[in-house]
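Input: a single structure, listed below in structure tokens.
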Protein chains: 2
Amino acid sequence: MAEKHLYGAVLLKAKEILDFISNSETAPGLKEISEHVDISKPTVLKILQTLEYCGFVRSDGKIKQYYLGTIFIKYGNESTQSFNLVKIAMPFLNKLRDETTEAVNLGIVEKDRVVLLDRAKSTNSIHFDLELGGTMHMYSSAMGKAILSHYSDEQIDNYLDQTALKPLTKNTLVTRKDLLNNLSEIRNCGYAIDDIENQEGVYCIGFPLVKNGQIFGGFSISAPVFRVDEQIIANWVKLGLETEKNIVDQF
Amino acid sequence: MAEKHLYGAVLLKAKEILDFISNSETAPGLKEISEHVDISKPTVLKILQTLEYCGFVRSDGKIKQYYLGTIFIKYGNESTQSFNLVKIAMPFLNKLRDETTEAVNLGIVEKDRVVLLDRAKSTNSIHFDLELGGTMHMYSSAMGKAILSHYSDEQIDNYLDQTALKPLTKNTLVTRKDLLNNLSEIRNCGYAIDDIENQEGVYCIGFPLVKNGQIFGGFSISAPVFRVDEQIIANWVKLGLETEKNIVDQF
DNA sequence: AAATGACGTTTCTTATTAGGAAATATAGTC
DNA sequence: GACTATATTTCCTAATAAGAAACGTCATTT
């Protein structure tokens, strides 16, 4: 975790603490936080008090439990809105969701991972929603592969050198050869399929967003695998490619 | 800004910087940030570098511009989900939105202000969306007044002692007497009206969420004033009160 | 093409802040 | 009413932060 000569030791500690709170199933207390981030209780306490003063955490109860503060709702919303892509694409993606009834997700790549910027929720009662701001691997997700397929050979090599292709399901492409073949297919047909490669039971079709040879994001349609068949997929591909064109034209 | 004996000077500075970025219309650079938060450029630079390393900001360009990081999308989503209220209430509020076609907002009170936790967006093409995580005054908003009406006399006094009733529109209730009268009406009828008291052109009906005498939040229906009339309001009140009952029963 | 100006970045030294062991307080439990 | 688990305070030393000034870099002007 420690990097070169980074200023702001307290900030790095605060980040660890926030991440731990963020990743905890149930809101943790001081002792639990202190143990997990491996910083003494007094120090963690002092940081938590300042974080609370700033609105970055809120706490509850006498044996205190810490939660992420509501200010992050504001910051998160503003982070999302800072991407022109979101403002431009979401109207089209909402329309695509209405046409398909399935979840439609919008993302960009940051540090070799796909980040979910926004989404249109499925209107079906059975569905999987991705968590806003959550990340996925490029190699396993439809959106990620769609984006990766527009990288240069050098960039792809670079990515693969730095990334272990761990299986996430039994369908995950885990060899360089399989993935490169798939990327080549994607480049040809213009869309990517994730047939339960990223998450059990979930089928996705991903589309790249490219203008002037520059990839600036991607989107995907995501559905429980039991709801898809060849005809439906063909229709989603058609609708998705139209949507892609509309978004790119506006960009 | 400086409080008692708060540990973590860097955190407080980081918070100032994040707030400044958050409140800027266009993404600011180092010089602009340094001037506005009144901290020297080297210090701001070092903090920004650490914030960027943590994913709290991202930057663009050679003459750098700073934006809030995408990690806040995740944190914000998790902050929202940490409220059981959101999980319980939103299905009912989505239904209420479908019935009214207007924006339906869910909030709680934090430090004397209403915080917007989540919302169902209006389906009308002309509409005002509140910003997620944004805050409103209690005295001027329908949701705020609905909540305030369930405070004890002492709590209300306390609130009024600490709050200047500044007019936000020409209809804002700015005298203690008018507000107390209104709160008394709200207590009787069970809902609050904001007739362009909080924002130009916007009419809201607010409902408190109370269980066992304990106020735990509120919600509101919000519409452009030109779309409301007496009959519509009567219908929204009926639908809102039903929704309120459903949410409270589940809580 | 040289000069200017507007930023971002680095260096370096002193004053300030952070860190954690140990003691203490406080609440829940048996 | 003693016990246990957690939160909080104290206090001193080691580590960190802050900013003035100098420097680098890029874009624009003359």
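The structure presented is a predicted model; accordingly, all values stated were derived computationally and were not measured. Note on naming: letters A, B, ... go to the chains in the order of the sequence lines (proteins, then strands), and numbering restarts at 1 for each one.
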- Message: Going by salt bridge (charged side-chain N to carboxylate O under 4.0 Å, His left out), name the pairs with one or both residues in residues 20-39 of chain B, residues two or more places apart or in two chains.
- Response: B:Lys31-B:Glu35
- Can you name the salt bridge (Lys or Arg N to Asp or Glu O under 4.0 Å) partners of B:Asp161, sequence neighbours left out? B:Arg176
- What's the CG-C1' distance between A:Leu48 and D:dT8, to the nearest Å? 12 Å
- Heavy-atom side-chain proximity of A:Ser82 to B:Arg58 below 4.5 angstrom: yes
- Item | Modelled atom types, side-chain donor and acceptor of A:Ser59 and A:Glu52, under 3.5 Å | yes
- The complete set of ring pair (Phe, Tyr, Trp, His ring centres under 6.0 Å) pairs with one or both residues in residues 138-160 of chain B, sequence neighbours excluded, reads B:His137-B:Tyr139
- Using atom CG of A:Leu12 as one end and atom P of D:dT16 as the other, report the distance to the nearest whole Å. 11 Å
- Query: Counting any heavy atom closer than 4.0 Å, what does B:Lys41 reach on the DNA or RNA strands: base, sugar-phosphate only, or nothing?
  - Reply: base
- Donor-acceptor pair between A:Gln199 and A:Thr169 side chains, under 3.5 angstrom: no
Extract from the structure each pairing of a protein N or O with an N or O of nucleotides 15-18 of chain C at less than 3.5 Å, listing the distance.
unit_1	atom_1	unit_2	atom_2	d
C:dA18	OP1	B:Gly8	N	2.8
C:dA18	OP1	B:Ala9	N	3.0
C:dA18	OP2	B:Gly8	N	3.4

- Which of parallel (below 30°), tilted (30 to 60°) and perpendicular (above 60°) describes A:Tyr191 and A:Phe207? tilted
- Item | A:Lys245 and A:Asp249 ion-paired at < 4.0 Å | yes
- Query: Just how far, in rounded Å, is P of D:dT25 from NZ of B:Lys64?
  - Reply: 14 Å
- Query: Within a strict 4.5 Å, meaning less than it, do heavy atoms of the A:Thr243 and A:Phe219 side chains meet?
  - Reply: yes
Taking N or O atoms only and anything under 3.5 Å, show me the protein contacts with nucleotides 27-30 of chain C, one pair per line.
none

- Can you tell me the distance, in whole Å, between the CD atom of B:Gln65 and the P atom of C:dA6? 18 Å
- Message: Distance check needed: C:dT24 P versus A:Leu45 CG, whole Å only.
- Response: 18 Å
- Message: Just the rounded figure in Å: distance from P of C:dT10 to CD1 of B:Ile47.
- Response: 16 Å
- Item | Salt-bridge criterion met for A:Asp60 and A:Lys64 (N-O under 4.0 Å) | no
- Looking at DNA chain D, which of residues 23-36 of chain B put a heavy atom within less than 4.0 Å of it? none
- Task: Between A:Pro42 and B:Asp38, name the one whose nearest nucleotide on DNA chain D is closer to the 5' end.
- Result: A:Pro42
- Task: Rounded to the nearest angstrom, tell me the gap between atom CG in B:Leu51 and atom P in D:dA17.
- Result: 13 Å
- Nearest whole angstrom, please: distance from the C1' of C:dT9 to the CD of B:Gln49. 8 Å
- Query: Do B:Ser34 and B:Ile39 have side-chain heavy atoms sitting under 4.5 Å apart?
  - Reply: no
